[in-house]
Amino acid sequence: MRIVTSKADLVEALGIVGRAVSTRSSIQVLTGVLVEAEGAGITLTATDMEISVRAPLRGVVEATGAAVLPARILAEIAKTLSPREVTLERKAGEQQVDLSCGEALFSLRILPAEDFPRLPLFPIEEGFTVAKESFLATVDRVAASASRDETRPVLMGVLVQVAKNVVRMVATDSYRLSVKETPVEASVKEKIQAIVPARCLTELSRVAAGVAADSITVVPTHNQILFQAGEVLIISRLIDGQFPNHKQLIPENFESEAIADREEFMESLKRVSLLAPKSAPVRLQFEGNTLTISAQSQDVGAARESMPVQYQGEPLEIGFNPDFLLAGAAGVEEEDLHMRFISPLRPGLLRGQADDFLYLIMPIRLGE
Amino acid sequence: MCEHMFVYNGSMSTPPSCPRASYRAVAHLDLDAFFASVEENLDPSLRGQPVVVGGGERGVVATANYIARRYGVHSAMPLRTARRLCPHGVYLSGNHHLYHRYSKQLMAILRGYSPLVEQVSLDEAYVDLTGTERLFGPVRRTARAIQEEVQEQLHLSISVGLATNKLVAKVASDFRKPHGFTVVPAGSEAAFLAPLPVQRLPGVGPALLGQLQDRGVRTVGDLARVPERLLRMSFGEWGEMLATAARGQDHRRVSPRETVKSISRETTFPEDVGDAAVLEATLISLCEDVCRRLRRRRLEARTVTVKIRYSDFVTHTCSHTLLPARDVDEVFFREVLALFRQGRQRRYRIRLLGVGLSNLVPRSWQDDLFDQEVPLLRELNMKLDLIREKYGKTAVRRGAAQS
């Protein structure tokens, strides 16, 4: 194998596949990146057995071949090279790859390529395409609500439902829940749904944003899913299980509603929540057309700030985790933030004027 | 009444090379045969007789006075066994309200000497006397004054250990009981501990003792000579703690806010019970009780444990850990009943049931969307707590807790 590429292209391609490299080194070959040089071009592949990413590397194939190189050190080397031509060469029968760039020469011992897992084959013709921008925008507003707690695997995923002209995503960590529906052209025959690891979707969002393609190809199978954006492939296992029924969780009727300027609300909340460290709640008091946000920390002190809102309902005091509240307000993305409540003991709902994005959040009981 | 003093090298004061302020002065105080002594105060005719206080008709020995101990009676022994060993003893079922009152008075006396009083149990506490010299004079004299005040005010004998940390103070108070007074000066901690049997160290129970003895460790001094590396290899983190303890070091502070690790209650039936309805009602009632105490301490619990002791004394415990911590009775009812149904695997009648909560965390009250009833039930529970606080523990009970 002998390929010639540039520093910039190498850094970019390694950046795309890098997050799929296994950080747990119990299987050594997974800490590597597979470099394949064929007639059609060069590809890099990394996998941690949960998600796999394959990306093209721009360059010239002078001799075909393949090698698995240690990913972390390769990425670090690539970053520090001078911005010039880079040659990677594995001489026949040798267990090392020579990387040269200008006067710099690295000989990297390779990992056994035959141990590197083959990517599964997907029936591309059974997939569908979906508009990239709307799909990724939906991911970005929902995925952060997914759980990071490995004891509840289903909640680490995002429920993705795709119908002919709408995509819906739902994520929850059991304290808050986000639902986003986006009208989108999708070439699906019937409604399909899957629980996709949130990590896969955020990775897709990061990688695909930089790819010059208007649509994403999606190929779900019974236990895996493939996303293709341009020439980049992301493959993930699907999460098996029953996703909580979000429709059952969202109350139909509310007792009160407040409409606030979203930016102003978020600014106040950020300031006041400095005095609500760790998991301490911020207190929202609605009375008349005034919202007072306050917090206190036993060791530090207290903060309060009032702002005008349009409020309909009985006076209400309710407590929330400030981070969850802030994330919900950020997700609304409209000028006006609508907040609906039933009581201090029941979940509150954040949304915009339209109902395409809903953020349900469970309160924290306030002490006396 | 006898008094003892441990004086190492005949010197009572801190070595001159060590600045005084860098040592703490920690006293550990432990009432001698507490329950039995209270009973003797109540009925002076008991003095000179073997007195055994134990729960109910057929529970276990809670306290035996020193005369009863000569017959081999000790706490946690089944009363039946105690009766066999000491048939002419006076057996009392105990008066816990009274013991609580005495305990409160003891703690009040201790707080008169230092704000840093850490109550360990009804009859045991640490007092940090560091810095009290300017108020009360030398620490040793203050500790002696406490002992005398307890004797005069409560007519109870208390053993005192005075050292530079909690570990050594505790071993010292136990060094010569009853009415012991043992001072271990700064710098002589390891020398004081060295000749003592290794099981005197808190935390060295029968299982660990066996393992240590297998390795030829009998005294604390033996333990101190084992390289820390080996202890770590054999016992992991425990090994490091053992090594520190063997050197007479302990960096724990005397913290007045007691840190609770678990909350539990158990009950021994007057007669062994086989009826599931009675057993489950008892579990509900125990569960109500521990949950109320959990909320009073502003905690939430993740782990619930059920203890089952059969008529032949075989004891099983089973526990389950919840994902988020909770403080609501109803959540634990479900768990307790499920654990019991799953854990009761023998057809014997049951002698004792217990419910415990552990894995305690400060309450956050961040509730869960998937269990939206929890906050409503909590309000109910907190209202019930208020009623119970005002009218007594048994003022309101759930129907399910009646048998």
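Letters A, B, ... are given to chains in the order of the sequence lines, protein chains preceding strands, and every chain is numbered from 1. Only this structure's heavy atoms are used, side chains among them; waters, hydrogens and symmetry mates stay out. Owing to the predicted nature of the structure, the values given are computational and were not obtained by experimental measurement.
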Just checking [X]: does its [atom1] atom have more than 12 heavy atoms from other residues, nucleotides or ligands closer to it than 6.0 angstrom?
{"X": "Arg252(B)", "atom1": "CZ", "result": "yes"}
{"X": "Glu240(B)", "atom1": "CD", "result": "yes"}
{"X": "Asp240(A)", "atom1": "CG", "result": "no"}
{"X": "Arg253(B)", "atom1": "CZ", "result": "no"}
{"X": "Glu305(A)", "atom1": "CD", "result": "yes"}
{"X": "Glu264(A)", "atom1": "CD", "result": "yes"}
{"X": "Glu334(A)", "atom1": "CD", "result": "yes"}

Any salt bridge between Asp367(B) and Arg176(A), counting N to O under 4.0 Å? no
Which bit of [X] comes within less than 4.5 Å of chain B, counting heavy atoms only: side chain, backbone, both or neither?
{"X": "Phe320(A)", "result": "neither"}
{"X": "Leu155(A)", "result": "side chain"}
{"X": "Thr172(A)", "result": "side chain"}
{"X": "Pro281(A)", "result": "neither"}

Do the side chains of Ser174(A) and Asp368(B) get nearer than 4.5 Å, heavy atoms only? yes
Rounded to the nearest 0.5 Å, how far apart are [atom1] of [X] and [atom2] of [Y]?
{"X": "Leu369(B)", "Y": "Gln248(A)", "atom1": "CG", "atom2": "CD", "answer": "12.5 Å"}
{"X": "Gln372(B)", "Y": "Ile342(A)", "atom1": "CD", "atom2": "CD1", "answer": "7.5 Å"}
{"X": "Met362(A)", "Y": "Asp371(B)", "atom1": "CE", "atom2": "CG", "answer": "8.5 Å"}

Pick from Pro347(A), Gly319(A), Ser343(A) with the largest number of heavy-atom pairs that fall under 4.5 Å of chain B: Pro347(A)
Using modelled atom types only, decide if a donor and an acceptor are shared between the side chain of Gln366(B) and the backbone of Arg365(A) within a distance under 3.5 Å. no
